[in-house]
Amino acid sequence: MSMISVKHLCKAYPNITPLKDINCEIERGEVISIIGPSGTGKSTLLRCINCLEHPTKGEIYVDGQNILAAGVDLNKVRQKMGMVFQQFNLFAHLMIIENVMLGATDLLGKTRQEAYDHGMELLESVGMAEKAFAYPDELSGGQKQRVAIARTLSMNPEIILFDEPTSALDPTMVGEVVSVIRSLKEKGMTMMIVTHEMKFARDISTRIFYMDQGLIYEDGTPEQIFGNPQKERTRIFIKQLKPYHADIKSQKFDFLGINSEIAQFMHKNLVPEHFRDASQRLFEELFMQCVLPHLPATFSAALDLGWSDRNLLLEFALRYDGPAYNPLTDTNNDELALLLVRKTAPELKHRYENGMNYLEVTLKTETK
Amino acid sequence: MKITKTQAGQTITYVVSGRLDTVTAPDLGKEIDAVTPDIKELVLDFDGLEYISSAGIRTVLTAQKKMNKQGVLKLRHVCPAVLDVFELTGFADILTIEK
Ligand SMILES: Nc1ncnc2c1ncn2[C@@H]1O[C@H](COP(=O)(O)OP(=O)(O)O)[C@@H](O)[C@H]1O
Ligand SMILES: [Mg+2]
């Protein structure tokens with residue numbers, strides 16, 4: 001039985017639907033990192049799982065129990081799941097140890113002595129025993145977050161949900177929090193972690209969920225997601241590319257419009273001019289001259305560009321549906337157009353998958 | 001793309017600026033088709049032309065073929081980006097590109 005099972009989860013707000021159709025199964029002991037652009041519903045997903053939000057549709061099972069069913073004891077369900085937030089939410093007027101004891105005495109009904117003993121053990125385990133009698137104000141961000149984790153552990157959770165636990169920290173303090181989370185993994189804790197720390201996600205996770213478009217857009221092992229992401233949006237995110245996207249649906253599409261959007265995109269992102277020329281050239285010679293004449297009146301095609309400041313490279317990807325068609329090997333095509341394509345992008349490759357043609361190349365600085 | 005035509009005796013000059021691509025090349029093509037046999041010199045002044053596609057090159061080649069029979073074709077004020085394309089395709093050698 002899965003520890004957490006989410007089926008067709010949808011969460012709609014009046015103006016936006018961050019979660020459209022979320023499905024996942026998480027086993028005991030798994031560590032899931034959730035990554036993706038901001039505003040894609042990562043926090044909303046955690047809040048739904050933790051019953052802080054009520055979903056619009058769908059089902060959530062925790063340890064086999066349907067937590068959305070009528071009559072469920074929400075406090076019991078929440079007790080199984082600890083949540084750690086970006087902001088540590090410690091009570092400023094309570095000492096560190098009191099912060100850690102509070103849940104155990106007030107919610108679990110432990111005696112003060114039991115709560116104290118357990119609390120000290122937990123503070124020890126996160127390296128904060130020395131500060132037990134200090135107040136939150138005396139602690140650094142990294143220390144506060146470690147206390148917040150100890151407080152969560154005081155409720156004996158079976159699952160911990162982390163929402164960007166290191167985002168509010170000075171970079172020098174990320175390490176101490178990360179190592180506490182790592183030690184929880186070694187103890188077999190089931191965890192879901194929303195994070196922007198890619199190296200951390202890569203090192204600690206059993207699986208990565210890439211969220212986008214209201215979905216778990218792509219999931220896989222860290223090796224798969226970071227090493228060989230299958231989908232364009234995942235790739236753009238992982239490689240930190242700035243994206244340009246255009247959908248093309250018919251023979252009468254707005255060629256001039258797309259061309260000027262490409263120019264604007266390049267200008268906005270300060271992309272060197274020869275990348276702009278190369279992109280426009282590939283789009284015109286490849287798509288207009290070679291591919292478009294082979295497509296029906298209406299179709300589904302798209303142009304995606306991704307610019308990396310850091311690596312000074314541009315990913316160019318064209319896709320179109322229909323039967324497999326590789327314009328690069330079709331000798332009926334305009335030879336001048338093909339020559340320009342080859343000169344502009346010698347490494348351009350065609351592939352065909354699930355009814356979709358892909359023409360892809362990474363343009364580097366030296367490419368003319 | 002913008003085309004401006006001037007004629008002086010048996011010389012016609014087209015100043016072409018903007019982009020010479022799939023969409024605009026046919027317009028220049030029509031102009032060139034209309035050049036009469038008495039014209040001895042055709043000048044394509046690319047001052048302000050920033051981009052040329054395969055369709056644009058074809059139009060230039062058509063002009064070259066036509067003028068081979070009746071006179072000369074000269075390209076003028078070719079910017080580096082456009083010159084690159086003539087060089088990539090190997091046509092820089094057969095066209096008269098004035099510096
Ligand atoms: N209570 C709310 N009411 C209305 N819109 C909300 C609410 N909470 C979040 N949203 C919107 O839902 C989207 C997803 O938010 P969130 O889950 O916080 O994204 P992420 O954590 O991936 O950055 C955002 O557009 C956000 O503005
Ligand atoms: Mg969030």
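Only a predicted model underlies this, so the values are computations on that prediction, with no experimental measurement involved. The figures that follow rest on heavy atoms only: side chains count, while hydrogens, waters and symmetry mates do not. So that the names make sense, note that chain A is the first sequence line, chain B the second, and so on, each numbered from 1.
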**Q** Return the minimal non-hydrogen interatomic distance between A/E335 and B/R58, and the atom names on each side.
**A** N-NH2, 4.2 Å

**Q** Given heavy-atom pairs under 4.5 angstrom as the criterion, report whether the side chain, backbone, both or neither of A/E273 touches chain B.
**A** neither

**Q** Kindly indicate, with the supporting measurements, whether the criterion side chain to side chain contact (heavy atoms under 4.5 Å, CB included) is fulfilled by B/D84 and A/D277.
**A** CA-CA 11 Å; B/D84 258 1; A/D277 291 351; over 6 Å; no

**Q** Taking 4.5 Å as the heavy-atom cut-off, does anything in residues 227-235 of chain A contact chain B, and if so which residues?
**A** none

**Q** Can you name the residues of residues 40-54 of chain B that have some heavy atom under 4.5 Å away from a heavy atom in chain A?
**A** B/Y51, B/I52, B/S53, B/S54

**Q** When you compare the side chain of A/R281 with that of B/V85, does any pair of heavy atoms fall below 4.5 Å?
**A** yes

**Q** Return the minimal non-hydrogen interatomic distance between B/I57 and A/L336, and the atom names on each side.
**A** CG2-CD2, 3.6 Å

**Q** Does atom NE2 (A/H196) have a neighbourhood of more than 12 heavy atoms from anything else shown, all under 6.0 Å?
**A** yes

**Q** Atom CG in A/L256, atom CG in B/D21: separation rounded to 0.5 Å?
**A** 6.5 Å

**Q** Are any of the side-chain heavy atoms of B/V23 and A/N259 separated by less than 4.5 Å?
**A** no

**Q** Looking at chain B, which one of A/M288, A/Q289, A/Q280 has the largest number of heavy-atom pairs inside 4.5 Å, strictly under?
**A** A/Q280

**Q** Working to the nearest 0.5 Å, report the span between CZ of A/F283 and OG1 of B/T22.
**A** 9.5 Å

